[in-house]
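Below is one structure, written out as structure tokens; comments come after it.
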Protein chains: 2
Amino acid sequence: MNKKRAQILNAAIELFSLNGAWNTPTAKIAKHAGVANGTLFNYFSSKQILVDEVYIEIKKDLAEFIVPASLGKSFESNLRLLWHNYIIWGVRKPLHYNLLLQLRNSEMLSEEAKVKADEIFQGIMGILEKGMSDKKIVPLPIKYLSELIMAQTDAAINFAKLHQMEKEKLEEHIKRSFSVFWHGAKT
Amino acid sequence: MNKKRAQILNAAIELFSLNGAWNTPTAKIAKHAGVANGTLFNYFSSKQILVDEVYIEIKKDLAEFIVPASLGKSFESNLRLLWHNYIIWGVRKPLHYNLLLQLRNSEMLSEEAKVKADEIFQGIMGILEKGMSDKKIVPLPIKYLSELIMAQTDAAINFAKLHQMEKEKLEEHIKRSFSVFWHGAKT
DNA sequence: ACATAAAGTGACTGACTAGTCAATCTTTTT
DNA sequence: AAAAAGATTGACTAGTCAGTCACTTTATGT
């Protein structure tokens with residue numbers, strides 16, 4: 001069954017996010033997932049692997065959510081869409097988002113997991129970077145632009161959460177955050 | 001003696017940063033600090049308290065480093081200086097910087113430690129926020145500006161590290177990063 | 001209906017670690 | 001220089017938890 005695997009992953013995501021992965025015993029995860037202690041290890045042969053898989057799962061979820069279904073229009077509109085979707089994801093899935101940050105900075109991930117997770121985003125990053133260099137819309141190094149995009153979307157997510165934004169207000173905020181980025185980058 | 005306390009804190013900062021605080025036994029910290037196991041608990045009554053104190057220590061170090069000695073000129077020049085100093089600090093003290101991010105997202109800090117650490121920055125933030133609202137240089141909410149400042153300086157630190165920047169090149173990069181922010185914010 | 005395989009279980013264990021404390025060493029006081 | 005106070009020590013303990021494995025339950029094939 002793959003259902004059990006998903007149950008365990010979901011339980012892990014929730015408990016890791018709320019209490020910290022370092023502070024969450026595998027027994028608690030199993031219980032929360034409604035399976036026996038030993039069953040967890042049938043699906044994930046060690047806690048390390050579970051942590052890695054949780055990270056990859058979250059990145060996959062994110063990638064699937066933000067990737068523009070209809071790609072091709074102008075580079076700016078593609079970037080706008082990615083920008084929008086990432087912020088929405090961060091606001092709508094606070095547990096996932098929180099855990100993403102936690103694991104990124106925790107020294108808990110194996111190198112393999114980091115590489116694998118990066119590979120998921122290679123497609124998206126490739127499109128982005130190609131667009132940036134082709135159009136040379138912007139006089140900044142591509143890698144710095146990527147950093148800026150990540151950083152400013154994170155700032156936007158934090159602010160949106162702080163004010164518990166929804167619907168129109170959130171959409172307004174997202175638009176404005178993109179303008180701020182776009183004007184800055186075009187300096 | 002306060003020297004021992006400092007030794008323990010420094011050992012903890014190094015080991016926490018490299019291996020993760022969750023993964024660093026108190027015994028290892030004591031050994032690395034050149035004191036006995038029990039001595040650590042004479043200075044920090046629990047590991048939780050040690051972690052909290054490490055976090056506060058780092059924040060103090062940062063505050064001391066970035067605060068403009070000569071304050072008073074224009075708001076923009078003050079902000080420029082804070083911006084500059086924070087990035088320099090992040091680049092020069094990679095262990096401190098790394099651990100700051102790690103602890104922020106780790107669910108390891110007590111609420112009291114977070115509050116105490118925030119208090120250290122209340123002065124700086126106050127000046128900043130007052131400057132922003134007084135001059136109304138910028139049509140964005142103050143809290144969002146703060147988020148943007150933190151986010152964009154972090155991006156600048158990452159990029160500087162990625163390219164192992166130093167001296168003039170680093171200074172150029174810092175200047176540019178501020179321009180990007182400033183132009184964006186004035187949208 | 002039976003046999004064989006696969007999936008699930010949970011009590012158990014070996015390793016690890018935060019925190020203790022009685023004993024020892026060092027510093028200060030008288 | 002003796003005594004008292006304070007600091008340091010590290011062997012020890014009590015608790016926790018990742019991972020195991022002999023057994024049970026469920027699914028599949030004949």
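Here is how names work: the chains are called A, B, and so on, in the same order as the sequence lines, proteins then strands, and each is numbered from 1.
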Next item on the list: Report the distance from atom NZ of A:Lys3 to atom P of C:dG8, rounded to the nearest whole Å.
Entry: 12 Å

Note to self: Which label fits A:Phe75 and A:Trp182: parallel for a plane angle under 30°, tilted from 30 to 60°, or perpendicular past 60°?
What the structure shows: tilted

Notebook entry, point to check: Between A:Ile49 (CD1) and D:dG19 (C1'), how many Å, whole number?
Noted result: 12 Å

Next item on the list: Take the protein atom CG of A:Leu40 and the nucleotide atom P of D:dA18, then report the distance between them rounded to whole Å.
Entry: 9 Å

Note to self: Below the 4.0 Å mark, does C:dA18 have OP1 or OP2 next to a side-chain nitrogen or oxygen of B:Thr26?
What the structure shows: yes

Next item on the list: Looking only at side-chain atoms of B:Pro25, point me to the closest of C:dT17, C:dG19, D:dT20.
Entry: C:dT17

Next item on the list: Among D:dG10, C:dT9, D:dG19, find the nucleotide with the atom closest to the side chain of A:Asn42.
Entry: C:dT9

Next item on the list: Figure out the CG/P separation between A:Leu50 and D:dA18, and round it to whole Å.
Entry: 10 Å

Notebook entry, point to check: How long is the line joining CD1 of B:Ile8 and C1' of D:dA7, in whole Å?
Noted result: 12 Å

Next item on the list: Write down the distance between CG (B:Asn19) and P (C:dT17), rounded to a whole number of angstrom.
Entry: 12 Å

Item checked: Parallel, tilted or perpendicular: rings of A:His173 and A:Phe159 (30°, 60°) -> tilted

Item checked: Residue-phosphate contact under 4.0 Å: A:Thr39 side-chain N/O, C:dT9 OP1/OP2 -> yes

Check: For the residue pair A:Phe178 and A:Phe181, does the interplanar ring angle fall in the parallel (under 30°), tilted (30 to 60°) or perpendicular (over 60°) class?
Finding: tilted

Note to self: Does a side-chain N or O of B:Lys47 approach OP1 or OP2 of C:dT17 to a distance below 4.0 Å, or not?
What the structure shows: no

Check: Does a sphere of radius 6.0 Å around NZ in A:Lys93 hold more than 12 heavy atoms from other residues, nucleotides or ligands, not counting ones at 6.0 Å or beyond?
Finding: yes

Item checked: side-chain N/O B:Tyr43 vs D:dA7 OP1/OP2, d < 4.0 Å -> no

Margin query: At 4.0 Å (heavy atoms only), tell me whether A:Ser45 reaches a base, stays on the sugar-phosphate, or touches nothing.
Written below: nothing

Notebook entry, point to check: Looking at side-chain heavy atoms only, is the closest gap between B:Arg92 and B:Tyr97 below 4.5 Å?
Noted result: no

Check: Of the nucleotides C:dG8, D:dG10, D:dT9, which has the atom closest to the A:Lys4 side chain?
Finding: C:dG8

Notebook entry, point to check: Nearest-Å distance, CD1 (A:Ile29) to P (D:dA18)?
Noted result: 8 Å

Item checked: Protein-nucleotide distance (B:Asn23, atom CG; C:dA18, atom P), rounded to Å -> 10 Å

Next item on the list: Measure from the side chain of A:Phe41, starting at C-beta and using heavy atoms only, and say which of C:dT9, C:dA18, D:dG19 lies closest.
Entry: D:dG19

